[in-house]
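Source: prediction; values computed, not measured. Whatever order the structure lists ligands and atoms in, that order sets their numbers, starting from 1.
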Amino acid sequence: SLLSSSLLMPSSFLRFMCANDWMNLLIKTQYVSDEVRMWVFEEVLPNGEKLTDVINKTNENANYLPGIKLGRNVVADPELENAVKEANMLVFVTPHQFMDGICKKLKGKIKGEVEAISLVKGMEVKKEGPCMISNLISKELGINCSVLMGANIANEIAVEKFSEATVGYRESREIADTWVQLFSTPYFMVTPVRDVEGVELCGTLKNVVAIAAGFVDGLEMGNNTKASSSNEVLSAAIMRIGLREMKALSKLLFPSVKDSTFFESCGVADVITTCLGGRNRRVAEAFAQSGGKRSFDELEAEMLEGQKLQGVSTAKELYEALNHRGWMEMFPLFSTVHQICIGRLKPDAIVNYRNFGPNPK
Ligand code: 13P
């Protein structure tokens, strides 16, 4: 059947989705119509032109991804409801902070029989505990939602460098295979895993680990401190301890989470990628270099040119969730990151190895 699809993302997140072949592949498959509607948060450029007009005229996002041509079938649309009204497949790629509002706006506006996939890394903290974004989409919109996460950096996908990703799916392998087929290119290898929560928690929690890695870099403790747990090589320990906390928390929250998920692209590979090359790491490094004197908001505005960091707000949400459940002491890395971010602890608290006791149960 011929389906149409929509991408829901603000323009700043176009980076992730822009690879030409990726878009071209969408139109080659039997699953989608020629047109991919892409919701873009409207901005007026310094020359007075609207960003959506520029994208539609030049096939290029002059603001966030200059020099990269989007597929001609991609139509930027500033109206959220209009962007989704014909869609049978929805791809969510927005900063997680906006997802609650977006879902509320979409309620009752989408067609029946819609499949969704979320590339959004983060969680909503509700009274009853953390709610993963795929769950928020499913609950608010009454549709099935898979996830795609993994070791990839947007700018590198855009220039077609090889990378991998993991699709987390709930029940239907057929749906997972459809997403795999839609996203795969010769340079973007996608593997399906039947573990939505595990894949999504990996993508979400690793951003907090990357903030910790950035702190360590900002303190100039050297590379050794980022793959062993010994005293001399504390920075290498950040990744190991972070991965350990990611796995322990994921399994506590969702006992169905599989150990093997942590060996997929979304797990250990994404921890390494983001701790070495991500924006969370970069901004956290600058924060530590300033001795915690400059705020994350200020640094984000200065360094990311309109893009939004995910790790700092995730650390806050995580802290609230851990506090709520009385699990704080079991996750010292996660809780220390938040306390550094808000200035309660100094950046060098991240290397207080006495914080990082035995494995959380
Ligand atoms: P940053 O947001 O830190 O750049 O992380 C990129 C990422 O999510 C890689 O999977």
Check ligand 1 for N or O atoms under 3.5 Å from a protein N or O and list each pair with its distance.
| from | atom 1 | to | atom 2 | distance (Å) |
| --- | --- | --- | --- | --- |
| ligand 1 | 2 (O) | R279 | NE | 3.3 |
| ligand 1 | 2 (O) | R279 | NH2 | 2.9 |
| ligand 1 | 2 (O) | N280 | ND2 | 3.3 |
| ligand 1 | 3 (O) | R279 | N | 2.9 |
| ligand 1 | 3 (O) | N280 | N | 2.8 |
| ligand 1 | 3 (O) | N280 | ND2 | 2.7 |
| ligand 1 | 4 (O) | R279 | N | 2.7 |
| ligand 1 | 4 (O) | R279 | NE | 2.9 |
| ligand 1 | 8 (O) | K121 | NZ | 2.8 |
| ligand 1 | 8 (O) | K206 | NZ | 3.1 |
| ligand 1 | 10 (O) | K121 | NZ | 3.1 |
| ligand 1 | 10 (O) | G150 | O | 2.9 |
| ligand 1 | 10 (O) | N152 | O | 3.4 |
| ligand 1 | 10 (O) | D270 | OD1 | 2.7 |
| ligand 1 | 10 (O) | D270 | OD2 | 3.2 |

Task: Charged N-O contact under 4.0 Å between E300 and K308 - done: yes
Open item on the list: Less than 4.0 angstrom from a charged side-chain N to a carboxylate O is my criterion; do E171 and R194 meet it?
Closed with: no
Open item on the list: Starting from F263 and following side-chain heavy-atom contacts under 4.5 Å between hydrophobic residues (I, L, V, M, F, W, Y), which residues can be reached?
Closed with: none
Task: Apart from V147 itself, residues in the same hydrophobic cluster as defined by side-chain heavy atoms under 4.5 Å - done: M149, V193, V196, V199
Task: Connected via hydrophobic side-chain network under 4.5 Å: I175 and Y169 - done: no
Please list, one pair per line, the donor and acceptor atoms closer than 3.5 Å that link side chains of residues 338-348 to other protein atoms, with sequence neighbours excluded.
| from | atom 1 | to | atom 2 | distance (Å) |
| --- | --- | --- | --- | --- |
| Q339 | NE2 | S335 | O | 3.4 |
| R344 | NH1 | Y319 | OH | 2.9 |

